[in-house]
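Could you have a look at this structure, given as structure tokens, before my questions?
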Amino acid sequence: MDTKTFKRTLQHSENYNRKGFGHQAEVATQLQSEYQSSLIQEIRDRNYTLQRGDVTIRLAQAFGFCWGVERAVAMAYETRKHFPTERIWITNEIIHNPSVNQRMQEMQVQFVPVEAGKKDFSVVANNDVVILPAFGASVQEMQLLSEKGCKIVDTTCPWVSKVWNTVEKHKKGDYTSIIHGKYKHEETVATSSFAGKYLIVLNLKEAQYVADYILHGGNRDEFLQKFAKACSAGFDPDTDLERVGIANQTTMLKGETEQIGKLFEHTMLQKYGPVELNKHFQSFNTICDATQERQDAMLELVQENVDLMIVIGGFNSSNTTQLQQIAQERGLPSYHIDSVERIKSRTSIEHRQLNGELVITENWLPAGEIVVGVTSGASTPDKVVEDVIEKIFALKATVPVV
């Protein structure tokens, strides 16, 4: 499929909207009342630090809702106001935050059901309204919805769209897109649908495996088995890695994406030499500014004298997981939670580990004076962060029973 032409045609359709419906002011007031926090604003005004009793809270200087997420949520609210009686669907969670997605359901905005791991679009009828979330949707899903005659509201983050444009450039030049991301993540699924030949690498270790194969060859069957779910149909590592371009899921660790890009640049330089390099390697900056700012702020925060870190965000939020990884790499006690309900007591907290496992840690909150670092992923409302901070203050103010 000529994805670029399809996108252009879709965007000129009367059933397509990506600019909202003129209810911005009304929706902004509603979002402020539901998601913003006077306590968080107070902490910002106090140079991102607040002390109560034995507890000092230090907030990262960039955290929470990014512009793309805020835009997506606002457009979803606008959609419900503009279509008060129509059936409205979302192809995935609007963003990776449980409270926001619960609010969507309360507004009678339904998620396209998933049966046996596949979305069941048969429930979506002609003239239904369908929202594409901040992470985007695959070109095949867009085509299906367009053919159904649905009204499409596209809240895809412009940074994600920028990556799509990059892989389309790779395709035009017959480069294989090497995408740094998680092959199951809806953003990477969408990005790969706009690519031609592609290979998805999760981390630097997988990228090094591919680079070694480019330079020295290897076991083709082993390669194809290793990336069976992370490459384009008919992918052949012996021919499809002669020309490569770099792209990424926007929420991955910035430093790792840069390392992967440099690795493949050096690999192609070593194999083909400086004169031929541009014929075999392409790289465009597709690192999201908001993701970068939150990671940089976290890197600053973990260098301060904090006793523990609280990282708040959806458990399926990639950018939140990267923030947690930064804390753990520094050896800090760190707890990734998605809501205040995960804090069970002074002595018990339920949290997600980097391997995805939910565990309960006892004696997580030290006695005496403590400094708690706090950050949140780009899909986390300030109100959720406020609830967590207030809970910590309350627990530390309670005298434990001996």
Side-chain angles (χ1 to χ4, degrees), residues 1-23 27 68-69 71-96 100-165 167-168 171 183-196 198 229 232-233 316:
M1 180 196 302
D2 184 342
T3 54
K4 194 169 185 178
T5 299
F6 169 75
K7 272 196 308 181
R8 189 182 302 115
T9 302
L10 178 65
Q11 289 167 2
H12 285 89
S13 165
E14 60 181 13
N15 283 336
Y16 177 88
N17 183 290
R18 64 172 176 174
K19 295 182 179 179
F21 299 97
H23 308 293
V27 162
V69 162
R71 170 183 173 273
V73 175
M75 284 184 68
Y77 273 62
E78 273 201 75
T79 302
R80 175 41 84 198
K81 287 190 178 297
H82 194 72
F83 300 103
T85 60
E86 283 87 341
R87 291 203 312 171
I88 301 179
W89 303 88
I90 304 180
T91 59
N92 271 308
E93 293 180 340
I94 183 72
I95 58 173
H96 284 153
V100 176
N101 289 304
Q102 177 61 35
R103 187 72 185 97
M104 291 292 107
Q105 292 179 307
E106 292 168 0
M107 293 163 59
Q108 301 300 306
V109 177
Q110 305 174 77
F111 295 99
V112 174
V114 177
E115 301 290 343
K118 297 189 72 174
K119 293 178 196 170
D120 179 14
F121 284 97
S122 67
V123 298
V124 181
N126 178 38
N127 289 327
D128 281 357
V129 180
V130 182
I131 298 172
L132 310 183
F135 322 102
S138 73
V139 68
Q140 291 82 9
E141 290 176 353
M142 293 185 201
Q143 186 178 35
L144 185 152
L145 295 169
S146 177
E147 290 172 353
K148 274 180 173 282
C150 298
K151 298 178 179 68
I152 297 173
V153 180
D154 188 354
T155 78
T156 303
C157 175
W159 276 103
V160 175
S161 299
K162 181 180 179 181
V163 182
W164 295 353
N165 293 337
V167 298
E168 285 181 325
K171 180 169 59 178
Y183 71 83
K184 289 184 179 179
H185 193 283
E186 54 264 53
E187 181 188 325
T188 299
V189 169
T191 295
S192 62
S193 77
F194 285 93
Y198 68 84
K229 297 180 179 179
S232 49
N316 54 349

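Model, not experiment: these values are computed from the prediction.
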Answer with yes or no after comparing the ring centroid distance for Phe135 and His185 against a 6.0 Å cut-off, counting only values under it.
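They qualify: ring centres under 6.0 Å apart.
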Checking the side chain of Lys229 only, and the main-chain atoms of Tyr183 only, is there a donor and an acceptor separated by less than 3.5 Å?
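Such a contact is absent between Lys229 side chain and Tyr183 backbone.
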Please give me the minimum heavy-atom distance between Ser193 and Gln140, naming the atom from each residue.
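Nearest heavy atoms, Ser193 then Gln140: CB-OE1, 3.3 Å.
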Donor-acceptor under 3.5 Å (Glu186 side chain, Ala137 main chain)
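Flag not set: sc Glu186 to bb Ala137 has no pair under 3.5 Å.
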Are side-chain heavy atoms of Asn92 and Lys119 found at a separation under 4.5 Å?
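SC-SC contact between Asn92 and Lys119 confirmed.
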Would you name the heavy atoms of Ala134 and Ala72 that are closest together and state the gap between them?
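Heavy atoms only, the tightest pair is CB-CB, 3.8 Å.
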Side chains of Val130 and Glu141: does their closest heavy-atom pair fall under 4.5 Å?
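Not in contact.
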Sole residue of Leu10, Thr9, Asp2 in side chain to side chain contact (heavy atoms under 4.5 Å, CB included) with Phe6
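So, applying the side chain to side chain contact (heavy atoms under 4.5 Å, CB included) to Phe6 and each of Leu10, Thr9, Asp2, only Leu10 qualifies.
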Please give me the minimum heavy-atom distance between Lys148 and Val124, naming the atom from each residue.
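Nearest heavy atoms, Lys148 then Val124: NZ-O, 2.8 Å.
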Can you tell which of Met104, Gln108, Gln102 makes a side chain to side chain contact (heavy atoms under 4.5 Å, CB included) with Glu106?
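With Glu106 as partner, side chain to side chain contact (heavy atoms under 4.5 Å, CB included) holds for just one option, Gln102.
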Nearest heavy-atom neighbours spanning Ala190 and Trp164:
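Minimum heavy-atom separation between Ala190 and Trp164: CB-CZ2, 3.7 Å.
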Could you tell me whether Glu86 and Lys151 make a salt bridge, using a distance below 4.0 angstrom between a side-chain N and a carboxylate O?
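Salt bridge flag = no for Lys151 with Glu86.
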May I ask you to decide if Tyr198's main-chain N or O and Ser232's side chain share a donor-acceptor pair within less than 3.5 Å?
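Checked: pair present.
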Indicate yes or no: at least one non-hydrogen side-chain atom of Leu132 is less than 4.5 angstrom from one of Leu145.
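Leu132 reaches Leu145 side chain to side chain.
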Just wondering, do Arg18 and Thr156 contact through their side chains at under 4.5 Å, heavy atoms?
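A side-chain contact is absent here, since even the closest heavy-atom pair is not under 4.5 Å.
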Decide whether Ser13 and Asn15 meet the rule of one side-chain donor and one side-chain acceptor closer than 3.5 Å.
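No pair is found: no donor N or O on one side chain lies under 3.5 Å from an acceptor on the other.
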For the residue pair Val27 and Ala74, what are the closest heavy atoms and their distance?
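It is CG1-O, 3.7 Å.
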Would you call the rings of Phe21 and His82 parallel, tilted or perpendicular if under 30° counts as parallel and over 60° as perpendicular?
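Parallel.
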Which heavy atom of Ile94 sits nearest to which heavy atom of Ala76, and what is that distance?
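Of all heavy-atom pairs spanning Ile94 and Ala76, the closest is CD1-CB, 4.2 Å.
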Test your reading of the model: is there a side-chain donor-acceptor pair from His96 to the backbone of Asn316, 3.5 Å cut-off?
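It does hold such a pair.
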Using the side chain to side chain donor-acceptor pair (under 3.5 Å) rule, take Ser161 and Lys7 through it: C-alpha gap first, then chi angles, then the decisive distance, then the call.
CA-CA 11 Å; Ser161 299; Lys7 272 196 308 181; over 6 Å; no
With a 4.5 Å limit on heavy-atom distance, are the side chains of Thr91 and Phe121 in contact?
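Yes; the side chains approach each other to less than 4.5 Å.
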